[in-house]
Amino acid sequence: MMTASQLRAARALLGIDQKTLADMAGVSLPTIQRMEASDGTVRGIVETLTKVIEALNEAGVELIGENARSETGGRGVRLRRPVPKPD
């Protein structure tokens, strides 16, 4: 699974725009725009999602799922749940 936030963050890490990602993945610009505009988990045709994830992987971006470890190392950003403040 990939979230819209992950997709936007991945693009930002690569320093590319939506059009460039669309070209890299072999999908249309409106497809990337819809993916990034979605709430939470990106939904779509499995083949299209796979193309985008593979393009990001080939560019050096590792999408890390909830509670998953990153085995390959390298720099990155991860969103975590805020720690509840004691009352």
Side-chain angles (χ1 to χ4, degrees):
M1 282 192 284
M2 171 178 54
T3 66
S5 296
Q6 279 181 304
L7 184 54
R8 289 189 301 271
R11 233 179 10 84
L13 285 171
L14 294 172
I16 60 173
D17 60 13
Q18 291 176 330
K19 175 74 171 118
T20 302
L21 178 57
D23 291 343
M24 289 168 53
V27 301
S28 70
L29 175 58
T31 296
I32 298 297
Q33 291 170 333
R34 277 192 301 276
M35 289 176 155
E36 289 192 4
S38 63
D39 273 341
T41 303
V42 173
R43 295 196 175 119
I45 299 170
V46 173
E47 181 182 344
T48 302
L49 294 170
T50 301
K51 285 180 178 182
V52 172
I53 292 169
E54 286 176 355
L56 292 171
N57 283 336
E58 287 178 25
V61 173
E62 177 184 3
L63 297 173
I64 304 169
E66 186 74 24
N67 298 318
R69 292 178 46 171
S70 174
E71 301 295 334
T72 58
R75 294 177 188 237
V77 176
R78 179 178 213 146
L79 183 63
R80 64 175 173 80
R81 291 190 186 120
V83 178
K85 295 181 182 178
D87 292 329

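Only a predicted model underlies this, so the values are computations on that prediction, with no experimental measurement involved. Numbers here simply count residues along the sequence, with the first being 1.
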No-hydrogen, no-angle side-chain donor-acceptor test under 3.5 Å, T20 and D17: yes
Nearest heavy-atom neighbours spanning A25 and V52: CB-CA, 3.9 Å
Note: E62 and N57 closest approach over all heavy atoms is CA-OD1, 4.3 Å
Rounded to the nearest 0.5 Å, what separates atom CD in Q18 from atom OG1 in T31? 11.0 Å
Do T50 and I53 have side chains that get closer than 4.5 Å, going by heavy atoms? no
Can you tell me how far CG of L63 sits from CG of L7, rounded to the nearest 0.5 angstrom? 8.0 Å
Just grab all the salt bridge (Lys or Arg N to Asp or Glu O under 4.0 Å) pairs involving residues 29-49, residues at least two apart or on different chains. R11-E36, E47-K51
Which heavy atom of L14 sits nearest to which heavy atom of A59, and what is that distance? CD2-O, 3.5 Å
Would you give the length of the straight line joining atom CD of E54 to atom CE of M24, rounded to the nearest 0.5 angstrom? 12.0 Å
Let me confirm one number: the CG-CG distance from L56 to L13, rounded to the nearest 0.5 Å. 10.0 Å
Closest approach of S38 to A4 (non-hydrogen atoms, all atoms of both residues): O-CB, 3.3 Å
What about I64 and V42, same hydrophobic cluster or not, with Ile/Leu/Val/Met/Phe/Trp/Tyr joined at side-chain heavy-atom distances under 4.5 Å? no
Under a 4.5 Å cut-off applied to non-hydrogen side-chain atoms, are M35 and V27 in contact? no
